[in-house]
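The structure appears right after this line, and notes come after that.
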Amino acid sequence: MSISPIHIVGGGLAGSEAAWQAAQAGVPVVIHEMRPVRGTDAHQSDRLAELVCSNSFRADDWTGNAVGLLHAEMRRCGSIIMACGDTHQVPAGGALAVDRDGSAEAVTAKLETHPLITISREEIAGLPPAEWDSVIVATGPLTSPALSEAILALTGEGQLSFFDAIAPIVTLESIDMDVAWRQSRYDKEGPGGDAAAYINCPMDKAQYDAFIDALLAGPKSEFKEWENVPYFDGCLPIEVMAERGRETLRHGPMKPVGLTNAHNPTVKAWAVVQLRQDNALGTLWNMVGFQTKLKHGAQSEIFRTIPGLEKAVFARLGGLHRNTFINSPRLLNRSLQMKVEPRLRFAGQVTGVEGYVESAAVGLLAGRFAAAERLGRLLAPPPETTALGALVGHITGGHLEGGAGSFQPMNINYGLLPPLEAPKHDAQGKRLPNKERGRAKKRAMGERALADLDRWLADAPSLAAAE
Ligand SMILES: Cc1cc2nc3c(=O)[nH]c(=O)nc-3n(C[C@H](O)[C@H](O)[C@H](O)COP(=O)(O)OP(=O)(O)OC[C@H]3O[C@@H](n4cnc5c(N)ncnc54)[C@H](O)[C@@H]3O)c2cc1C
């Protein structure tokens, strides 16, 4: 019996990985890639899986880094992006950096010569034809305007963003609650009945003044010429607000009204930085209104001057870029299908993940989900204890709705995985010093993830051996 093809729109990192996974499972695929017929503002070639900027897949250590764990999981799933990256790696210490031409050429050659893959060089300039009953949209942060408009018409106003306006996210365990306290402004109850929904960090006048000076002086990233990002009033970078007047932030996102410092009730804070819970697990907290173009190094340094955040661990730092992405938590189900039109799956950066590896990882899952469906099998998402499962869990439900624009792209990080008690002893039963427990915890989370991933792969044997 012949199997009809899965259509993949976009042959970037996600589309290439999705195509490989589906074809390796025995399902035919057609990749529709618009380059070189139509270019983007960032791609330079007509190769599939081109890296548009840096050549790094970041840290490669599964025992101590969340993206390293994602690498390890993807390798176990037979990822083409990881295999070609490994073959074409260049020296970069603990990171996996790749020869960008070599790796993209290798991916292109493997896909071009795969007997079940056809590559069609064309732009899909609207919703994919109705007769395509299984489609993966993997058109990335620079999705062509005609397709973006069609997606917008399908999803509705406010469900597709053309820019990310990212505020930093801090892990809960790194916030000093002897300084910060929980309270909602005016103790107002939220829909869930919680009157202490925010974490508040107080500043006195001297601290606020020093903070404003640091914001004004700190190095900022520039927009690329073609990005042409307009500032919307709701997402002005904090340094732009500070430039408009020293008091602007104190009357905006840092206003101290309606809040009483639980540790020092008689002294009114001059300004307050608020953090709002960002994920259902409650492990990640978003700095409210703190989108910024400050360089990453400066962000860590300046934000750690905020009382309570001196030891902050940032799961994500702020930014503002051109980026097309959908409101996945609302629009997609757990197998990445659009709820209102299940023949359409989404993958890659357009789903609201951030980064080469994360984009390819979501492509990997979309390819597997679509192939399983074609083969008449049910494929559950990977367990939430794995990096792959955590990523898909976050974009399809783990993120907490916090008003318009609250869902913003995210890299993989440990805060997306269910927490684990830090081990107190090593394998020999020797008590671990405090400073080594964090490292031991990451290793334990990695071990848990890989064991759970192996069980998931064993449950789907026909899709397990994609190499
Ligand atoms: C300028 C820029 C720099 C970045 N730098 C980094 C970085 O250094 N490190 C990092 O980890 N991440 C970076 N990213 C983020 C992200 O990881 C990459 O964009 C990554 O390539 C996303 O993978 P993807 O498969 O989702 O999209 P892409 O790799 O962009 O693939 C999408 C593909 O779809 C095609 N396409 C678009 N519309 C259509 C259409 N209508 N019909 C047919 N084909 C279409 C495009 O030509 C493209 O080939 C950057 C993003 C941008 C925009």
Side-chain angles (χ1 to χ4, degrees), residues 7-20 30-59 67 70-71 80-81 85 95-98 100 103-104 107-108 111 119-129 132 135-151 162-164 166 221-227 229 296 316 319-326 328 336 346-367 395 409-412:
H7 292 269
I8 299 181
V9 187
L13 288 155
S16 298
E17 187 66 61
W20 179 254
V30 184
I31 301 175
H32 305 265
E33 167 54 55
M34 70 178 182
R35 290 173 293 124
V37 181
R38 185 187 172 116
T40 78
D41 288 318
H43 291 84
Q44 305 285 326
S45 77
D46 61 0
R47 293 186 196 111
L48 304 179
E50 179 182 327
L51 305 183
V52 286
C53 188
S54 99
N55 66 333
S56 176
F57 286 1
R58 320 202 303 279
V67 77
L70 191 56
H71 292 171
I80 185 175
I81 298 298
L96 173 59
V98 308
R100 66 177 70 246
S103 69
V107 173
T108 308
L111 295 178
I119 301 170
S120 169
R121 298 286 184 163
E122 58 177 338
E123 179 189 1
I124 303 302
L127 273 198
W132 296 0
V135 181
I136 298 174
V137 179
T139 44
L142 307 174
T143 296
S144 73
L147 180 56
S148 299
E149 276 158 32
I151 295 171
F162 295 96
F163 304 97
D164 54 37
I166 295 182
S221 318
E222 297 303 325
F223 287 121
K224 298 244 174 16
E225 214 172 277
W226 51 266
E227 279 188 304
V229 177
H296 281 182
R316 174 180 90 187
L320 204 66
H321 297 281
R322 166 123 182 250
N323 189 5
T324 312
F325 63 99
I326 58 172
S328 293
L336 302 169
F346 281 75
Q349 183 109 352
V350 76
T351 62
V353 294
E354 170 67 35
Y356 298 147
V357 184
E358 289 84 344
S359 296
V362 179
L364 183 152
L365 290 171
I395 59 175
M410 174 102 87
N411 287 120
I412 186 70

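Each residue takes its place number in the sequence, starting with 1. Start at 1 and go down the list; that is how both ligands and their atoms are numbered.
Residue-level proximity to ligand 1 for T40 is carried by the side chain, the only part with a heavy atom below 4.0 angstrom. Residue contacts with ligand 1, taken as heavy atom pairs separated by less than 4.0 Å, involve T139 via backbone and side-chain atoms alike. Residue H43 touches ligand 1 through its side chain alone, judged by heavy-atom distances below 4.0 Å. At a 4.0 Å heavy-atom cut-off, ligand 1 does not touch S16 at all.
Within the set I31, V9, T351, L13, the minimum heavy-atom distance to atom 21 (O) of ligand 1 is found for L13. The closest non-hydrogen atom to atom 52 (C) of ligand 1, taken over V52, I124, N411, comes from V52. When the heavy-atom distances from atom 23 (O) of ligand 1 to G11, S359, P409 are ranked, the shortest goes to S359. The nearest non-hydrogen atom to atom 46 (C) of ligand 1, considering only E123, E33, E17, comes from E33.
The distance criterion of under 3.5 Å between nitrogen or oxygen atoms is not met by S56 with respect to ligand 1. Checked against a 3.5 angstrom limit, the closest N/O atoms of A14 and ligand 1 fall inside it. Ligand 1 has an N or O atom lying under 3.5 Å from an N or O atom of S54, backbone or side chain. For ligand 1, the polar-atom distance check finds no N/O of R322 at less than 3.5 Å from any of the ligand's N/O atoms.
Residues G39 and M34 come closest through the heavy atom pair O-CE, 3.7 Å.
Note on R316 versus E354: no salt bridge recorded, every NZ/NE/NH1/NH2 to OD/OE distance being 4.0 Å or above.
At distances below 3.5 Å, not a single donor-acceptor pair connects side-chain atoms of H71 with backbone N or O atoms of L96. Without hydrogens or angle criteria, T40 side chain to A42 main chain gives a donor-acceptor distance under 3.5 Å.
Taking 4.0 Å as the cut-off, E122 counts as a neighbour of ligand 1 on heavy-atom distance.
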